[in-house]
Amino acid sequence: MARSDQRQTPANEEEEDLVDFLEPDQLAVDRSRPVPRYPLAARTRVLLWVLRVFVLVVGAMVIYTFFSQLS
Amino acid sequence: MSSGPAEAQAAAGGTIALPRPPLTHEDSDRSLDRARVHSARQGGRKWFLLWLLIGPGILAMLGENDGPSMISYAATGARYGLGFFLPFIVVTFVIAMVCQEMCMRVGAVTHRGYGQLVLQRFGPLWGWFAAGDLLFTNLVTLIAEFVAIRIGLAYFHIGAGVAAALGLALVVFTMSGGRYWRFERIVLGLAMFNGLFLVAAIMVKPHLGAVAHSLVTFSPFPGGSLNTLLLLFASTVGATVTPWMIFFQQSASADKGLTPRDLKQGRIDTIAGGTLGAIFGCAALIAGAALVTHGGASIQGLAGAGFPGALSKVDGNAVGTIFALGLIEAGAVAVLTISASTGYAVGECIGKASSFNNAPRNAGWFYATNISVALVAAVIILIPGAPLLSIALNANVLATVLLPVTLVFMIMLANDRELMGRWVNSAMLNRVAMVIVAFVALAGAAYGIDSFLQTVHLIHG
């Protein structure tokens, strides 16, 4: 985390108390901590690729049609 | 000051408090908001609690009642009148509520944005695909938002330069406070003017019996060109459920600081937003339907999107003015929410601070992306002779086409027990969600494939 993003000294005790109203993992430092990787099953990965290719092909068709209609 | 819930929990559990990490500006601002929520909850002030916790849902739903959406609804009304599309708008908002509830829940439970979770949980490839889809559709949609502002201002004889400057000024103004709460409340205030479309609908004096008949029977079913019908069908779906909404509501829920205790209010927020969105969306169609007997000839101004001018010719200047103001509002609110969703996504994917609770000097990427994407879109609408109606409709279609992948990852996150614990989707919700994915994929594909085959002359419309 950038040094400039930190309060170097707590503004006051009240501010310190207020932070207790946050859940522990709501602090910026916790939110930026990576979550562990989820192991995608081979079948899921194939299905995701099929869906990805499908939307890219259909998206290309829409864009091609849009520009064809312009000209 | 009384001790907060975290401290009380630590005391009750007898755990040893670890040294607290250095506080950031973001932490301080969010904790201030959470202290007010805690106080309202402890004091049993239910309405005040709801007031504090609403925001992301209404903003996502009314933000999606944006310029291209309202133009799309009005275009549908002008072409087909009242009928199938009126209740279809309601159906698409129910779909949106299902999807957005999942985003809100994942954001509240994990305290992380969609882009960050997809990237970290499923790998950089899928994370960057998701962010790439979002950047592309957001840029196209933002162009359409500036188009809507331009159309609205053109009614008052104000040029494209002012439309571009107004949109950009709004983006800079709403971001300038370094506070999520301030951003949210300003945009919420602006979003309430989406109700102008309801005023416009009332002013065109629709036949209430015909409106009720359409809503109940989904009829008359529109005839005419299949391709035009598919375009309007896909753009109506894309006018209600889009990738940016998913990024925005999840990130905004986390940025606002929602927790699992707030899920009830988060759901009310989402349902209220969807209900308002459906009412105002239907109103735009009803206002557009006043032009149905005019064959669309009078909407040819500004490359086929001159609805305010056309309405003023048919129903008087007042309704044209209201519709024009509505378009300016719809475009402006969406410029703010869509550029915010882009900022969230880019910040989350490159691992930089992405919160309105950070001052610009501490979250440079977030704020720079917000402004840059709006700036690029603003410059494009200055190109003279751009086909504005076509841009608006195709922006919605593109959003529909790219949405299924975004939705599938959303469903996977909402079912991730390691992240979500007991707040995972129910089996019934998963079934409904998968039907929605199939429906959205079919809607986009039907228009994309049909129009492409016609363009390359393999079939004739």
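Every chain is numbered from 1 and lettered A, B, ... according to where its sequence line falls, protein lines coming before strand lines. Just the heavy atoms: all of them, side chains too, but no hydrogens, waters or symmetry mates, feed the values below.
- Interface residue B:L419: only side-chain heavy atoms are found under 4.5 Å from chain A.
- Interface remark: B:E348 contributes no atoms to any contact with chain A (heavy atom separation under 4.5 Å).
- There is no contact between B:N357 and chain A, counting heavy-atom distances below 4.5 Å.
- Counting heavy atoms from C-beta on, the side chains of A:P34 and B:Q116 never come closer than 4.5 Å.
- Within 6.0 Å of CH2 on B:W423 lie more than 12 heavy atoms contributed by other residues, nucleotides or ligands.
- Nearest approach of B:D27 to A:L27, heavy atoms of both residues: OD1-CA, 3.3 Å.
- With a 4.5 Å cut-off on non-hydrogen atoms, A:L48 touches chain B through its backbone and its side chain both.
- Atom CZ of B:F122 and atom CG of A:L40 lie 6.0 Å apart (nearest 0.5 Å).
- Not one N or O on the side chain of B:E26 forms a donor-acceptor pair closer than 3.5 Å with the backbone of A:A28.
- With a threshold of 4.5 angstrom between heavy atoms, B:L258 approaches chain A through N, CA, C or O but not through any side-chain atom.
- Neither the backbone nor the side chain of B:V437 has a heavy atom closer than 4.5 Å to any heavy atom of chain A.
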Using the side chain to side chain contact (heavy atoms under 4.5 Å, CB included) rule, take A:I63 and B:L398 through it: C-alpha gap first, then chi angles, then the decisive distance, then the call. CA-CA 8 Å; A:I63 293 167; B:L398 267 178; 4.1 Å; yes
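- Residues satisfying the salt bridge (Lys or Arg N to Asp or Glu O under 4.0 Å) test with B:D262, not counting sequence neighbours, are B:R34, B:R41.
- Ranked by heavy-atom pairs under 4.5 Å with chain A, the first of B:G123, B:G444, B:A359 is B:G123.
- Contact annotation for B:A254: both backbone and side-chain heavy atoms come within less than 4.5 Å of a heavy atom of chain A.
- At a threshold of 4.0 Å, the pair B:R112-A:D30 does not count as salt-bridged, since none of the basic side-chain nitrogens sits closer than that to a carboxylate oxygen.
- Both the backbone and the side chain of B:V405 come within less than 4.5 Å of a heavy atom of chain A.
- A donor-acceptor pair is defined here as one N or O able to donate and one able to accept, closer than 3.5 Å; no such pair exists between the side chain of B:R30 and the backbone of A:L22.
- Side chain of A:Q26 to main chain of B:G257: a donor-acceptor pair is present (N/O by atom type, distance under 3.5 Å, no hydrogens or angles).
- Here the CZ atom belonging to A:R31 is positioned 6.0 Å from the CG atom belonging to B:D255, to the nearest 0.5 angstrom.
- Annotation: the span from B:T455 atom OG1 to A:M61 atom CE amounts to 10.0 Å, rounded to 0.5 Å.
- Residue A:F21 holds its CZ atom at 4.5 Å from NE2 of B:H38, rounded to the nearest 0.5 Å.
- Here the straight-line distance linking atom CG of B:D133 with atom CG of A:L56 works out to 7.0 Å at 0.5 Å rounding.
- Going from atom CG of A:D25 over to atom OG1 of B:T110 covers 8.5 Å, rounded to the nearest 0.5 Å.
- Using cut-offs of 30° and 60° for the angle between ring planes, the A:W49 and B:F129 rings count as perpendicular.
- Judged as a ring-ring contact (aromatic ring centres under 6.0 Å, His included), the pairs with a partner in residues 51-71 of chain A (not counting sequence neighbours) are, in order, A:Y64-B:F452.
- If you measure heavy-atom distances from B:D416 to chain A, the contacts under 4.5 Å come from the side chain alone.
- Side chain of A:R37 to main chain of B:Q120: no donor-acceptor pair is present (N/O by atom type, distance under 3.5 Å, no hydrogens or angles).
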